[in-house]
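All values derive from a computational prediction rather than experimental measurement.
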Amino acid sequence: MSALHATEGGVLSRLAVLVEAPQHSGLIGPLDYLADQPWPAGTLVRVPLGRRVVTGVVWGPGAEGEGCLPREQLKPITEALPDLPPLPAHWLQLVRFAAQYYQRALGEMAMMVLPPELRQIDAVQWGRRFKRLNKVLNPPPPKPPSKRRAAQAAAEAVPAADADHASEPAPVSAPASASGPLPGSADTAALAATPEQAQALAALLDDTVQPPPTSLLWGSTGSGKTEVYLQHAQAVLATGRQVLMMVPEINLTPQLEARVAERFAGRRIVSLHSGLTPAQRLQHWVMAHLGEADIVLGTRLAVFTPLPRLGLIVVDEEHDPSYKQQDGARYSARDLAVYRGHLEKVPVVLGSATPSLESWFNAQPVGQGGTGRYRLLPMPSRVGQGRMPKVRLIDMGTLPKPAPGEEAPALARPLLEAVAERIERGEQSLILLNRRGYAPVLHCTDCGWKSGCPHCSAWRVFHKADRTLRCHHCGFAERVPRACPDCGNQDIAPVGRGTERLEEQLAEALPGARVGRIDADVTRHKGALEEKLASVHAGEVDVLVGTQMVAKGHDFRRITLVAAANPDAALFASDFRAAERQFALLLQAAGRAGRDAAVAGHSEMWVQTWHPTHPLYDALRRYDFEAFAQAQLKERQAAGLPPYSHLAMLRAEAKTQGAAQTFLDQAAAAMEAAAAQLNDQGGGLLLYPAVPTAVQRVANVERAQMLIEAQQRPALLKLLQQATPAWLALAQQNRPNGLIRWAVDVDPLAI
Ligand code: ADP
Ligand code: ZN
Ligand code: ZN
């Protein structure tokens with residue numbers, strides 16, 4: 001109400017404030033409000049919007065003059081959140097860039113990347129939380145009861161890598177000041193670097209290269225990339241700066257979290273990911289923003305964390321598709337991390353054994369067909385005596401044919417024998433099959449009925465454990481029918497094989513073996529994945545069946561055989577990135593074997609394939625990522641695909657396929673003139689016709705998409721920007737015809 005009082009006193013300042021308003025509302029820029037104080041840009045405020053009061057971010061002074069709303073029509077800012085420093089200018093710049101690049105409204109972008117709780121609370125609620133946080137940061141002098149409470153609170157604030165740590169007192173005893181690191185914080189000693197690590201570190205720590213470049217740390221699995229991140233981070237922390245470390249999925253990389261916590265036991269580490277409670281997320285975010293946290297370990301959303309002393313950004317497994325947000329503002333956290341590094345002049349380290357072709361391209365010198373934007377730091381060898389397993393391709397075409405009416409076994413004879421040998425020696429095997437459920441479809445042998453989903457253009461998957469037919473697209477599930485719903489035939493048979501069935505078949509084929517499985521179905525409950533992994537580590541499983549989930553990051557010490565049961569589909573997928581993803585997955589899976597020097601010598605990676613001479617497998621056999629990447633890049637160049645061109649996908653969802661395509665056709669027509677004009681200036685824009693998506697109908701909604709290709713990225717962005725107002729209007733017009741949603745995806749991952 002102070003704002004109203006001030007009105008009597010005289011001039012109120014006019015401020016532009018970002019509030020949550022999706023692109024579709026047509027509200028793209030900030031809104032003007034009146035304020036009794038000239039709150040600086042970045043201040044978090046509460047403002048009236050319609051009948052609600054919402055959180056907003058001060059963007060800057062409002063514009064006066066013609067075309068602006070007269071002051072009388074502006075509402076005053078309700079209040080500012082006290083004791084919360086304004087978001088830094090770099091944060092505002094990052095958000096603006098992301099909004100422009102990914103074609104979203106500025107306010108939507110800004111609000112989306114703030115902790116959800118912060119968007120909802122008012123000044124009083126915020127005050128309470130801030131008080132609580134202060135208690136965590138500055139625990140009162142030791143009095144038995146309050147100390148315990150403070151330790152508990154701190155343990156909550158700093159989630160340790162596993163449950164054991166969570167009950168221990170806070171890893172930090174003294175509060176960090178915003179101006180520097182903890183005094184005398186005792187980081188655990190680093191390992192003596194291998195020559196390759198030393199070389200990479202020398203480059204990373206060489207601060208004569210200014211501004212700090214983006215580096216691509218290309219190291220095979222087990223080459224010690226994590227150790228390089230840790231030592232680099234240690235050097236940065238020692239100068240009093242903060243480190244942002246990003247991982248694709250937090251629960252798939254528990255070991256990294258544990259290693260960071262162990263190495264930097266004296267530092268304040270916070271995690272940021274969607275698995276936290278809203279209260280935890282807010283607390284961690286505020287600790288980062290206040291400069292109280294030294295290390296932020298997070299998933300893609302962490303790229304937007306305000307960090308006043310940022311000194312390093314690490315993006316682990318930079319090729320991982322999880323870095324791209326798949327709804328709303330479809331940003332790539334990897335790409336934004338690189339942008340943020342430039343913006344804040346801090347080094348960015350992208351790490352991977354199988355870099356994305358985009359990053360690889362950027363790390364090749366100009367003279368060799370790349371852009372030379374990144375620095376390539378290779379670490380080809382595994383640490384110690386660990387070696388990559390020997391790759392064995394099984395040519396499925398040469399195997400004896402199964403008898404008529406019989407199914408081929410899940411694993412070919414020689415592979416099954418190799419697994420049995422492992423069991424005898426007390427070693428473990430990992431069988432990769434990227435399809436969960438028992439069978440992808442049920443089929444009536446009499447009338448040809450198949451287990452389709454009534455709501456989607458997809459088959460429903462047979463899950464034997466709970467005897468359901470479940471659609472993996474819309475979630476629709478029903479009990480498996482006893483007989484064919486069409487003809488009453490009792491004999492309906494599973495077609496194909498998922499992990500559930502593979503597990504069953506292996507248990508049958510290997511009597512006495514302990515067969516386990518890890519996939520999204522068995523790890524649905526919190527803690528289930530950790531439990532399963534622990535039993536593998538404890539040696540309670542002989543043969544582990546799993547989806548791509550098990551290929552990532554885990555440091556299995558006793559696995560000496562990894563097999564890909566059925567990896568061929570990716571060779572012929574319509575998506576141009578399918579081969580790249582498959583190569584990364586297989587290499588990552590291979591990296592699960594032979595990690596221990598004692599068993600590395602006889603570790604093997606088996607691949608069951610009908611196409612043993614395919615270049616992908618040939619490159620895999622030799623662990624030659626470079627050859628694979630060069631071959632892929634050649635194909636991409638010939639086909640005019642990224643990284644040699646830039647793509648955007650316009651998607652539409654509607655009640656009918658016709659309505660979705662009509663909107664897209666009109667959207668294309670609306671930008672034709674602009675495209676032609678940009679093409680006169682060398683934009684190289686190409687609009688493809690609208691087509692149904694691969695799975696055309698999901699949950700009774702029809703989907704279509706239209707691809708826009710450009711030689712020049714600026715031309716693509718300009719086109720999208722110019723077209724957006726017309727698209728907004730067209731969307732309104734098409735709504736009565738059944739258009740439900742539309743969105744533009746810049747740099748789409750899958751097409
Ligand atoms: P990556 O991240 O490349 O897969 P890691 O950093 O996990 O590799 O290293 C693989 C294994 O080697 C880990 O067990 C790690 O502790 C060990 N390691 C890494 N660097 C060294 C080193 N310099 N000396 C001894 N062991 C190391
Ligand atoms: Zn039938
Ligand atoms: Zn469905």
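Taken to the nearest 0.5 Å, the CD atom of Gln588 stands 7.5 Å off from the OG1 atom of Thr221. Taking CD from Gln632 and CZ from Phe576, the interatomic distance works out to 10.0 Å, rounded to the nearest 0.5 Å. Separating the CZ atom in Arg334 from the CG atom in Asp316 is a distance of 13.0 Å, to the nearest 0.5 Å. Distance check: Ile492 CD1 to Phe462 CZ gives 8.5 Å after rounding to the nearest 0.5 Å. Residue Thr613 holds its OG1 atom at 8.5 Å from CG of Asp618, rounded to the nearest 0.5 Å.
Looking at heavy atoms from C-beta onward, Val349 lies out of side-chain contact with Ile313 at the 4.5 angstrom threshold. Side-chain contact between Ile431 and Glu503: absent, with no pair of heavy atoms (C-beta onward) separated by less than 4.5 Å. Between Pro454 and Phe476, some side-chain heavy-atom pair lies under the 4.5 Å cut-off. The shortest side-chain heavy-atom distance between Arg392 and Arg621 does not fall under the 4.5 Å cut-off. You'll find the side chain of Thr226 reaches within 4.5 Å of the side chain of Arg259, heavy atoms only.
Between the Ser220 side chain and the Ser223 main chain, no donor and acceptor come within less than 3.5 Å of each other. The backbone N or O of Val348 sits nowhere less than 3.5 Å from a side-chain atom of Thr214 that would complete a donor-acceptor pair. With hydrogens and angles disregarded, a donor-acceptor distance shorter than 3.5 Å links the side chain of Gln428 to the backbone of Val541. Judged purely by atom type and a 3.5 angstrom limit, Glu227 uses its side chain to pair as donor or acceptor with the backbone of Leu191. Looking at Arg577, its side chain does come within 3.5 Å of a backbone N or O of Leu749 through a donor-acceptor pair. The backbone N or O of Leu399 sits nowhere less than 3.5 Å from a side-chain atom of Arg413 that would complete a donor-acceptor pair. A donor-acceptor pair under 3.5 Å is absent between the side-chain atoms of Glu318 and the main chain of Ser359, judged by distance alone. Side-chain N or O atoms of Glu317 include none that pairs as donor or acceptor with a backbone N or O of Val247 at under 3.5 Å. Between the side chain of Arg636 and the backbone N or O of Pro642 there is at least one donor-acceptor pair closer than 3.5 Å.
Side-chain contact check for Gln705 and Thr693: no donor-acceptor pair (N or O, by modelled atom type) lies under 3.5 Å. Side-chain atoms of Tyr688 and Glu709 include a donor-acceptor pair closer than 3.5 Å. At a cut-off of 3.5 Å, with distance as the only test, a side-chain donor of Gln325 or Asp327 sits close to an acceptor on the other residue. Inspection of the Asp568 and Tyr617 side chains reveals an N or O donor paired with an N or O acceptor under 3.5 Å. Between Gln630 and Glu626, the side chains place no donor N or O within less than 3.5 Å of an acceptor N or O (distance only, hydrogens not considered). Side-chain polar atoms of Trp606 and Glu604 form a donor-acceptor pair below 3.5 angstrom. Side-chain atoms of Thr547 and Arg436 form no donor-acceptor pair, as typed in the model, at a separation below 3.5 Å. Side-chain contact of Thr468 with Arg460: a donor-acceptor pair under 3.5 Å is absent, judged by distance alone. Ser352 and His319 share a side-chain donor-acceptor pair at under 3.5 Å.
A side-chain contact (heavy atoms from CB on, under 4.5 Å) with Lys532 holds for exactly one of Val522, Asp519, Leu544, Val550; it is Val522. A ring pair (Phe, Tyr, Trp, His ring centres under 6.0 Å) with Phe583 holds for exactly one of Trp360, Phe628, Tyr623; it is Phe628.
Taking a cutoff of 4.0 Å between a charged side-chain nitrogen and a carboxylate oxygen, Arg470 and Glu478 do not qualify as a salt bridge.
Atom NZ of Lys324 has more than 12 neighbouring heavy atoms from other residues, nucleotides or ligands inside a 6.0 Å radius.
Take Gln582 and apply the side chain to side chain donor-acceptor pair (under 3.5 Å) test, not counting sequence neighbours, and it matches no residue.
Ring planes of His472 and His463: tilted class, angle from 30 to 60°. Below 30°, between 30° and 60°, or above 60°: for Phe625 and Trp218 the angle between ring planes is between 30° and 60°, a tilted geometry.
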